Amino acid sequence: MSRTPTPTTPPDMSAEQQAHRDGFVRVCGIDEAGRGPLAGPVVAAAVILPEGYTLPGLNDSKKLTARKREALYQALMADDTVQKSIAQATVAEIDELNILRATHLAMRRAAEGLSGGVDFCLIDGLPVPGFPLPSLSIVKGDARCLSIAAASILAKVWRDHYMNELHREFPAYGFDRHAGYGTKAHMQAIHDHGVTIHHRRSFAPVTQLELPLG
């Protein structure tokens, strides 16, 4: 099922509280990062926040500076009362399944990776067909639901760290600057140096650049 709650600023725990009233005990928020890039995995995070949880500045990752996201990421990761799981779908899986199905796979892995299990999932975006756990999809959930906002930060920053590591292996591509997105500089690097094993060959811009000339 899907619901678009009345927007709130900042995100709150209304959706989590409603799920508890509906009889669910372990309620997580799920979000992903990296659907659009030409390179790198798609990453999902699942987060269960303790009742009454607060963290100043916690919001949709897209509304935050990189420095603020990093600080919130470190705070969430260091807090043992916050239960979290981060998972990915690889470039090979993206090329085999397509990006949407690979994203859903990463979300499922994140939920299933929570220690102690989960009863109900609040998922950012549109409904996920065949999701194996009871769930509610919330459009723009990262701006409305606190556990989804936390998941958005963990997924985004974890993936940024991963792309920084890839930059050390492939410095010519600038993964530390664009995280694999199709910037002009990234497209030029692919043109000049070809694709790496971390590029999504099923994505049209990469496919076009791999075609022989003439």
Side-chain angles (χ1 to χ4, degrees), residues 1-35 42-64 68-89 100-159:
M1 54 181 170
S2 172
R3 181 172 70 206
T4 305
T6 301
T8 58
T9 305
D12 61 26
M13 297 190 73
S14 298
E16 292 91 338
Q17 291 163 355
Q18 182 60 56
H20 290 312
R21 287 193 293 269
D22 291 340
F24 298 102
V25 178
R26 293 176 56 80
V27 179
C28 78
I30 299 176
D31 202 3
E32 54 76 25
R35 285 181 61 173
V42 60
V43 176
V47 177
I48 299 176
L49 298 176
E51 186 175 353
Y53 182 81
T54 60
L55 178 60
L58 181 56
N59 207 328
D60 171 8
S61 65
K62 296 185 293 297
K63 297 182 178 180
L64 304 170
K68 184 62 175 177
R69 281 196 301 267
E70 180 68 34
L72 291 168
Y73 174 86
Q74 296 297 336
L76 288 164
M77 293 298 288
D79 191 340
D80 291 338
T81 71
V82 176
Q83 299 175 58
K84 52 263 182 185
S85 169
I86 301 173
Q88 63 171 297
L100 181 61
R101 291 168 65 188
T103 299
H104 294 168
L105 175 61
M107 289 177 166
R108 189 188 78 205
R109 286 172 173 167
E112 293 174 343
L114 284 166
S115 178
V118 62
D119 301 326
F120 193 77
C121 302
L122 301 166
I123 303 176
D124 182 60
L126 299 174
V128 179
F131 198 74
L133 295 162
S135 64
L136 172 69
S137 295
I138 303 176
V139 175
K140 299 188 183 300
D142 46 7
R144 296 179 163 96
C145 173
L146 200 64
S147 62
I148 295 179
S152 77
I153 289 169
L154 294 188
K156 167 65 175 168
V157 178
W158 191 95
R159 188 179 187 280

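Here the structure is a predicted model, which is why all the values come from computation and not from measurement.
Formation of a donor-acceptor pair under 3.5 Å by the S152 side chain with backbone atoms of S61 is found in this model. Between the side chain of N59 and the main chain of P10, no donor-acceptor pair closer than 3.5 Å is present. With hydrogens and angles disregarded, no donor-acceptor distance shorter than 3.5 Å links the side chain of R144 to the backbone of S14. A donor-acceptor contact shorter than 3.5 Å links the side chain of E16 to the backbone of S147. Formation of a donor-acceptor pair under 3.5 Å by the S135 side chain with backbone atoms of C121 is not found in this model. Listed for the R109 side chain is a donor-acceptor partner under 3.5 Å among the backbone atoms of Q88.
When all heavy atoms of A45 and I86 are compared, the closest pair comes out as CB-CG1, 4.2 Å. The two residues V27 and A19 come nearest to each other via the heavy atoms CG2-CB, 3.7 Å. Between G29 and A151, the closest heavy-atom pair is O-CB, 3.6 Å. Taking each heavy atom of A106 and A89 in turn, the nearest pair found is CB-N, 3.8 Å. Taking every heavy atom of both residues into account, M77 and K84 meet most closely at O-NZ, 3.3 Å.
Between atom CG of residue D31 and atom CD1 of residue I148 there is a gap of 7.0 Å, rounded to the nearest 0.5 Å. Note that the CG atom of D22 and the CG atom of L136 stand 9.5 Å from one another [nearest 0.5 Å]. Within the model, atoms SG of C145 and CD of Q18 stand 12.0 Å from one another, a figure rounded to the nearest 0.5 Å. We find the CZ-CD distance between R26 and Q83 to be 4.0 Å, quoted to the nearest 0.5 Å. Separation of atoms NZ (K62) and CD1 (I153) is listed at 10.5 Å; rounding is to 0.5 Å. Rounded to the nearest 0.5 angstrom, L100 CG and L126 CG are separated by 9.0 Å.
For P50, the side chain to side chain contact (heavy atoms under 4.5 Å, CB included) test picks out Y53, T81, V82, with sequence neighbours left out. Remark: Q17 engages no residue in a side chain to side chain donor-acceptor pair (under 3.5 Å) (not counting sequence neighbours). Every side chain to side chain contact (heavy atoms under 4.5 Å, CB included) that P132 has, sequence neighbours left out, goes to R108, E112. Residues satisfying the side chain to side chain contact (heavy atoms under 4.5 Å, CB included) test with S85, not counting sequence neighbours, are A110, L114. Not a single side chain to side chain contact (heavy atoms under 4.5 Å, CB included) links T54 to another residue, sequence neighbours left out. Applying the salt bridge (Lys or Arg N to Asp or Glu O under 4.0 Å) criterion to D124, with sequence neighbours excluded, gives no partner residue.
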Worked check of side chain to side chain contact (heavy atoms under 4.5 Å, CB included) between V42 and R159: CA-CA 8 Å; V42 60; R159 188 179 187 280; 5.9 Å; no
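The one candidate from V43, L76, L72 that meets the side chain to side chain contact (heavy atoms under 4.5 Å, CB included) condition with L154 is L76.
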